[in-house]
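Notes to accompany the following structure.
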Amino acid sequence: MRLGLALGYWGRGPDPRHLELAREAERLGYASVWTAESWGSDAFTALTWIAAHTSRIALGTGIAQMAARTPTATAMHALTLDHLSGGRLLLGLGLSGPQVVEGWYGRPFPASPLTATREYVDIVRQVLRRGAPVTSDGTHHPLPYRGDDATGLGRPLRSITHPLRPDLPVLLGAEGPRNIAQTTRIADGWLPLYWSPLRTGVYEESLRKAPAGFRIAPLVRAVVCDDVAEGLWPVKAMLGFYIGGMGHAAKNFHARLMARMGFAEEARRIQDLFLAGHREEAVRAVPDAFADEISLVGPRERIAERLALWRTGPVTDLLVTAPDPHTLRVLAELTA
């Protein structure tokens with residue numbers, strides 16, 4: 001099981017610790033470092049900065065949002081950064097949800113998310129293979145464009161730049177069972193948002209046909225500390241925000257996932273509290289048991305015991321959100 005460092009996206013501004021943590025992770029032998037985006041900092045620019053200050057560690061977008069760029073623009077970002085980093089990019093993509101897609105990017109959320117994802121990934125792969133000019137007969141990303149307002153002058157094009165790796169790995173963030181199953185067919189790996197080593201059966205059917213070498217790389221908050229309750233509070237704060245606020249009351253993919261993992265009543269209560277403006281109460285309503293299952297928090301000995309559970313399942317890469325170099329070092333020692 002490989003270790004990765006997940007830095008997420010910026011808050012109010014750039015976090016001065018991120019570069020230090022990335023360089024320490026490389027020194028400790030971590031396999032990858034990942035950046036993200038929501039509606040602020042973008043994933044590729046921060047990752048390029050890290051690439052310029054490291055030499056070996058793989059560089060992942062975890063995740064880049066599909067609605068932010070056309071598939072050909074995403075492929076351009078990918079092939080450019082892959083060249084500049086010497087072949088270190090892992091391209092993580094995700095669809096996001098209606099609030100972000102329509103509220104931030106000003107695009108319609110696709111009525112057929114699986115079809116939209118499949119078309120997007122196909123176009124990215126066409127660009128990277130550079131076997132022929134890129135075309136798509138799909139409804140979401142037709143190439144050449146053929147809408148009612150088209151000039152009719154568009155023609156299929158092939159990338160001017162030759163990609164460094166035509167088989168550059170593509171990983172997808174997916175939450176629904178059918179979406180996960182499709183991911184095993186069209187991508188090189190899956191980026192789960194929540195993973196509990198005690199509830200792997202939740203995903204068993206969706207992953208049944210995953211090919212050999214398929215990456216499963218969940219995010220996990222980790223902190224070495226004496227007070228487990230205090231260490232879990234940032235996990236609960238994250239869950240309160242995602243379950244309560246990252247989506248509409250009637251369409252929140254994160255809440256649905258929590259429900260499928262056995263916490264349906266708790267997910268509804270978190271949503272109700274958050275949407276009513278009681279954000280701190282929503283965080284307190286997050287069950288300690290759920291927060292604990294999807295994280296690695298506590299003294300070194302406790303983390304070692306719980307880490308053994310993660311090793312027994314299909315996880316290939318543990319993408320660690322860790323706030324300090326000490327936690328990174330402890331995890332490196334425990335997985336050596």
Side-chain angles (χ1 to χ4, degrees), residues 1-9 25 30-38 42-44 46-47 50 57-69 71 74 77-78 81 88-97 100-101 113-114 116-118 120-121 124-125 168-197 199-200 202-204 206-207 210-211 213-222 235 238-239 242 246-247 253-254 256-258 260-261 294-296 310 313-322:
M1 188 172 65
R2 294 175 292 256
L3 288 177
L5 169 65
L7 295 173
Y9 43 78
Y30 278 57
S32 57
V33 58
W34 300 74
T35 57
E37 60 189 15
S38 53
D42 78 280
F44 288 100
L47 203 59
I50 292 169
I57 196 166
L59 309 157
T61 56
I63 59 173
Q65 295 179 331
M66 297 183 201
R69 306 162 190 87
T74 291
H77 276 295
L81 182 48
R88 291 191 278 151
L89 184 66
L90 301 168
L91 181 60
L93 300 172
L95 201 57
S96 192
V100 176
V101 172
L114 272 70
T117 299
R118 192 164 58 247
Y120 199 103
V121 171
V124 169
R125 292 207 188 274
L168 187 154
V170 176
L171 298 89
L172 296 177
E175 294 183 39
R178 293 174 58 228
N179 200 353
I180 297 168
Q182 174 176 268
T183 297
T184 67
R185 298 192 297 270
I186 68 173
D188 302 294
W190 172 44
L191 298 164
L193 181 60
Y194 311 136
W195 180 278
S196 168
R199 303 173 192 271
T200 56
V202 173
Y203 303 116
E204 186 173 3
S206 298
L207 295 172
F214 186 78
R215 289 177 180 246
I216 299 177
L219 289 168
V220 56
R221 169 81 177 188
V235 183
M238 176 272 293
L239 288 168
Y242 272 73
M246 287 285 274
F253 302 129
H254 311 309
R256 291 178 186 177
L257 174 57
M258 184 177 175
R260 286 198 301 276
M261 295 179 76
I294 65 170
S295 59
L296 290 166
W310 292 79
V315 170
T316 62
D317 298 75
L318 202 62
L319 307 188
V320 178
T321 302

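In this chain, residues are counted from 1 in sequence order.
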Run the side chain to side chain donor-acceptor pair (under 3.5 Å) test against Arg88 and tell me which residues pass, sequence neighbours left out.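 Testing Arg88 for side chain to side chain donor-acceptor pair (under 3.5 Å), a comparison that skips the adjacent residues, returns Thr54.
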Could you tell me which residues satisfy side chain to side chain donor-acceptor pair (under 3.5 Å) with Ser32, sequence neighbours excluded, listed by chain and number?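 Trp34.
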Applying ring pair (Phe, Tyr, Trp, His ring centres under 6.0 Å), name anything that partners Tyr203, two or more places apart in sequence or on another chain.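 With neighbours one apart ignored, the set is Trp190, Trp195.
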Can you name the residues that form a ring pair (Phe, Tyr, Trp, His ring centres under 6.0 Å) with Tyr120, not counting sequence neighbours?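 Once residues adjacent in sequence are excluded, the partners of Tyr120 under the ring pair (Phe, Tyr, Trp, His ring centres under 6.0 Å) criterion are His141.
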Checking [X] now: which residues fulfil side-chain contact (heavy atoms from CB on, under 4.5 Å) with it, not counting sequence neighbours?
X      : value
Ile63  : Leu191
Ala210 : Thr184, Phe214
Ala187 : Leu172, Thr183

Among residues at least two apart in sequence or on other chains, which ones pass salt bridge (Lys or Arg N to Asp or Glu O under 4.0 Å) with [X]?
X      : value
Arg69  : Glu37
Arg199 : Glu293
Arg215 : Asp317

Which salt bridge (charged side-chain N to carboxylate O under 4.0 Å, His left out) pairs, counting each pair once, include a residue from residues 174-191, with sequence neighbours left out?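 Every pair satisfying salt bridge (charged side-chain N to carboxylate O under 4.0 Å, His left out) with a residue in residues 174-191: Arg125-Asp188.
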For the side chain of Ser206 and the backbone of Pro177, is there at least one donor-acceptor N/O pair under 3.5 Å apart?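 The answer is yes, because a donor-acceptor pair under 3.5 Å joins these two groups.
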